[in-house]
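All of these numbers come straight from a predicted model, not from anything done at the bench.
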Amino acid sequence: MDLPREAAGALVRRAVLGDAHVDRAGAAATAFDRSFQTLITEGAWGTVWASNAISRRERSMITLALLAALGNFDEIPMHIRATRATGASRTDIEQVFQHVAVYAGVPRANHAIRLAKEVFREMESDD
């Protein structure tokens, strides 16, 4: 039996982003944004990320490309960290941002690469 989208989304969100991140997001939720948290858990995580049509590695790569191409830089560090769970390699990420440079612009790719380098340094110091 399939899980409801919110339950499936919560499981996938935890698997990709980690318990600590999801717990922080839940603890920070207020009456103002609780329905938004439900929306992203059901929609992004319970529908898109829970689908088996493509791998989580591919989803990570697509997500990073879209975030960089659209200039949504705040979420790039979180999704770089998530690659530990999704299997997207540093080479994958390098290639993603090269695509961004060609198709969306060098300044956006440059900023995304700078963020990735910072996160990689942090991840190495955590190990």
Side-chain angles (χ1 to χ4, degrees):
M1 182 174 168
D2 289 329
L3 290 174
R5 282 188 302 157
E6 187 173 8
L11 290 173
V12 173
R13 191 176 185 191
R14 285 185 179 281
V16 172
L17 300 179
D19 289 333
H21 174 84
V22 176
D23 290 344
R24 279 191 308 274
T30 66
F32 178 75
D33 68 338
R34 198 167 322 282
S35 62
F36 176 76
Q37 290 297 319
T38 300
L39 172 73
I40 61 175
T41 300
E42 289 179 350
W45 298 103
T47 300
V48 175
W49 277 85
S51 168
N52 291 323
I54 62 174
S55 71
R56 289 184 183 170
R57 174 183 163 264
E58 293 165 315
R59 289 184 196 288
S60 275
M61 294 167 68
I62 292 166
T63 300
L64 286 166
L66 288 167
L67 290 171
L70 294 170
N72 294 322
F73 298 111
D74 288 346
E75 291 205 1
I76 287 177
M78 173 183 68
H79 281 282
I80 294 285
R81 287 183 196 93
T83 62
R84 282 183 164 165
T86 65
S89 69
R90 288 183 186 203
T91 301
D92 292 334
I93 296 165
E94 174 190 356
Q95 292 299 308
V96 162
F97 292 148
Q98 285 187 25
H99 267 69
V100 170
V102 171
Y103 291 100
V106 170
R108 290 190 176 191
N110 189 45
H111 189 70
I113 288 167
R114 183 182 60 75
L115 291 170
K117 287 168 53 175
E118 289 174 12
V119 174
F120 290 146
R121 278 192 299 274
E122 291 169 10
M123 289 168 62
E124 288 168 359
S125 68
D126 290 345
D127 290 338

I need the [X] [atom1] to [Y] [atom2] distance, nearest 0.5 Å.
| X | Y | atom1 | atom2 | result |
| --- | --- | --- | --- | --- |
| Arg114 | Ile76 | CZ | CD1 | 10.0 Å |
| Arg81 | Asp126 | CZ | CG | 8.0 Å |
| Glu75 | Leu66 | CD | CG | 12.0 Å |
| Phe120 | Leu115 | CZ | CG | 11.0 Å |
| Glu58 | Thr63 | CD | OG1 | 11.5 Å |
| Asp74 | Leu67 | CG | CG | 10.0 Å |

Next on the checklist: Testing the basics here: between Gly87 and Asp92, what is the closest heavy-atom pair and its distance to 0.1 Å?
Outcome noted: O-OD2, 4.0 Å

Distance-only donor-acceptor hits, side chain of residues 26-36, under 3.5 Å, sequence neighbours excluded:
from: Thr30; atom 1: OG1; to: Phe32; atom 2: N; distance (Å): 3.2
from: Thr30; atom 1: OG1; to: Asp33; atom 2: OD1; distance (Å): 3.2
from: Asp33; atom 1: OD1; to: Thr30; atom 2: N; distance (Å): 2.6

Checklist entry - What residue pairs, at least two apart or across chains, pass salt bridge (charged side-chain N to carboxylate O under 4.0 Å, His left out) with a residue in residues 3-14? => result Arg14-Asp19, Arg14-Asp23

Next on the checklist: According to side chain to side chain contact (heavy atoms under 4.5 Å, CB included), who are the partners of Leu11, at least two apart in sequence or on a separate chain?
Outcome noted: Leu3

Heavy-atom side-chain proximity of [X] to [Y] below 4.5 angstrom:
| X | Y | answer |
| --- | --- | --- |
| Leu64 | Thr83 | yes |
| Gln95 | Met61 | no |
| Arg59 | Val16 | no |
| Val12 | Arg56 | yes |

Next on the checklist: Same cluster or not: Trp49 versus Met78, using hydrophobic residues (I, L, V, M, F, W, Y) connected whenever any side-chain heavy atoms lie under 4.5 Å apart?
Outcome noted: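 As far as the 4.5 Å side-chain criterion goes, Met78 and Trp49 are connected within one cluster.
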
Item to check | Arg90/Glu94 ion pair, N-O < 4.0 Å | outcome: no

